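Here is how names work: the chains are called A, B, and so on, in the same order as the sequence lines, proteins then strands, and each is numbered from 1. Please read these numbers as outputs of a predicted model, since none were measured by experiment.
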There are 2 protein chains.
Amino acid sequence: MVDFAQTEPQPLKKRRLGAGPTRKVILDAARTRFAKDGFSRSTIRGIAGDAGVDASLVMQYFGSKDELFTAVMDSSGPSTMSRIAEAFDGPAEGLGERVTRAFLEVWDGDPHISEPLLALLRAAIGTQQATVQLRELIQKRVIDDLGARLRDDPDMTTRIELACSMLVGVVVGLRLVEIDALVRQEREALVAYVAPSIQAVLVRH
Amino acid sequence: MVDFAQTEPQPLKKRRLGAGPTRKVILDAARTRFAKDGFSRSTIRGIAGDAGVDASLVMQYFGSKDELFTAVMDSSGPSTMSRIAEAFDGPAEGLGERVTRAFLEVWDGDPHISEPLLALLRAAIGTQQATVQLRELIQKRVIDDLGARLRDDPDMTTRIELACSMLVGVVVGLRLVEIDALVRQEREALVAYVAPSIQAVLVRH
DNA sequence: CTTTTGTCTCAACACGTGTTGAGAAGATGA
DNA sequence: TCATCTTCTCAACACGTGTTGAGACAAAAG
């Protein structure tokens, strides 16, 4: 009965499949669905339907709905947010413009990058459960990346968090609420509008 | 069988109770719950439990979960948002400060006013379903109240919507994500931080 | 006392959800 | 051909949801 010859090294709890292209199809469908409907409103059956497969197959590829969500999150490299942090580098003049442009490029650019962030934003705001996750994402990847430069400067920390909050507000109006006057604008026009404002909150007058 | 003498003027579909204090207790519980968990995560049973009554009683007082939600919304007078619109009146100097202070007073003040707005914000951002409701709330009650003053000025409209978006972002960080550095601040300190930024986006340089 | 009316609870239904286990279809290797 | 492995579907379970109807309980009215 028991086979000692062929030692199975890791009898993992769940068989993790992923050879064929189906895994990526499901992941793409999940990313779009999560970004559009948020976490709780998205259903496994709906995602599976979009991907053209059965719901249980999604469960076999990823173990649960939560793991599918984190898989979508991990599919966007962890380096995307650090690009924002880098924008804080450099001279004080043009700081607001660099940060604003970096923010809009990340949150309004390639769907593979922006959609997971929108999904996380929806989930975080919608339920106060993923709030911790969003807080960690923003604080650890943005603030901590900046930690070396503003060590023990609570005033600057507050200013940076305010700037990020305000830019998230712009993203909410642009991508989630889809306010006409904002959607109509070109990105550089938005930068021109917003950059002086971010500059004002970032640098002491 | 048919009684013509005692004319019942309105045989409403559902008996609308509301004499005792229970209706208000349920309404308060619903307001808090909606603000904390959003619409979809809030359950009738949970609200009823907080109010100390049975779930079906909630259904008898209000006809459905949606009607309960709109009842909570209506419980905050429609005049709360117009207070923000009024802040746009007056001279250009100090405009950012007035608007910022009005915004924070409404969204961070009396829970009877702020909690329904937070609930609506959660619902709108969480699901893109109540997005229309939020868009109408902001656009009709803020923009349209300002319509007389900025008739045919798309540039100013864009600036106002951006200012509102950024201030909503601050509210999100302050009340929903609850970022430490923001929660710790006094309201006037926040106004001092944010007001120059709002001023910058509202008035042409 | 009996009846009615208002207030409230109990038990249940119908539905959608995440999740699971059994098994079919097809390719691969012995 | 037989066995095996991967990929995928079908049917079902367990649970929580909004919602409903019947009835308990008390107070007021007749």
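- Straight-line distance from the CG atom of B:Asp66 to the P atom of D:dT19: 7 Å, rounded to whole Å.
- The interatomic distance linking B:Asp54 (CG) with C:dG6 (P) rounds to 20 Å, in whole Å.
- Here D:dG16 presents its P atom at 13 Å from CZ of B:Arg41, a figure rounded to the nearest Å.
- Ring geometry for B:Phe69 versus B:Phe39: interplanar angle over 60°, hence perpendicular rather than tilted (30 to 60°).
- Computed from coordinates, the B:Phe62 CZ to D:dG18 P distance equals 15 Å when rounded to whole Å.
- Between the side chain of B:Thr70 and the backbone N or O of B:Glu67 there is at least one donor-acceptor pair closer than 3.5 Å.
- For the residue pair B:Ser75 / B:Arg31, a side-chain donor-acceptor distance below 3.5 Å is found, with atom types taken as modelled.
- Rounded to whole angstrom, the span from the CD1 atom of B:Ile44 across to the C1' atom of C:dG16 amounts to 17 Å.
- A donor-acceptor contact under 3.5 Å is not formed by the side chain of A:Gln60 with the base of C:dT19.
- D:dC8 atom P lies 8 Å from atom CD1 of A:Ile26, rounded to whole Å.
- Between A:Phe103 and A:Cys164, the closest heavy-atom pair is CZ-O, 4.0 Å.
- Candidate nucleotides C:dC10, D:dT17, D:dC10 were compared by shortest atom distance to the side chain of B:Ser56, and C:dC10 ranks first.
- Separation of atoms CH2 (A:Trp107) and CD1 (A:Ile84) is listed at 7.5 Å; rounding is to 0.5 Å.
- For A:Ala55, counting side-chain heavy atoms from C-beta on, the closest listed nucleotide (D:dT19, C:dT9, C:dT19) is C:dT19.
- When the C1' atom of C:dT19 is taken as reference, atom CZ of A:Phe69 falls 19 Å away, rounded to whole Å.
- OP1 or OP2 of D:dT7 has not a single side-chain nitrogen or oxygen of A:Tyr61 nearer than 4.0 Å.
- Looking at heavy-atom distances under 4.0 Å, B:Ser64 makes contact with sugar-phosphate atoms alone, never a base.
- Residue A:Lys65 has its side chain nearest to C:dG18 when only D:dT9, C:dG18, D:dT17 are considered.
- What separates CE of A:Met59 from P of C:dT17 is a distance of 14 Å, to the nearest Å.
- A:Thr22 comes within 4.0 angstrom of the backbone, heavy atoms only, and of no base.
- Closest to the B:Thr43 side chain, of the nucleotides D:dT17, C:dT19, C:dT9, is D:dT17.
- Residue-to-nucleotide contacts include a donor-acceptor pair under 3.5 Å from the side chain of B:Arg45 to the base of D:dG18.
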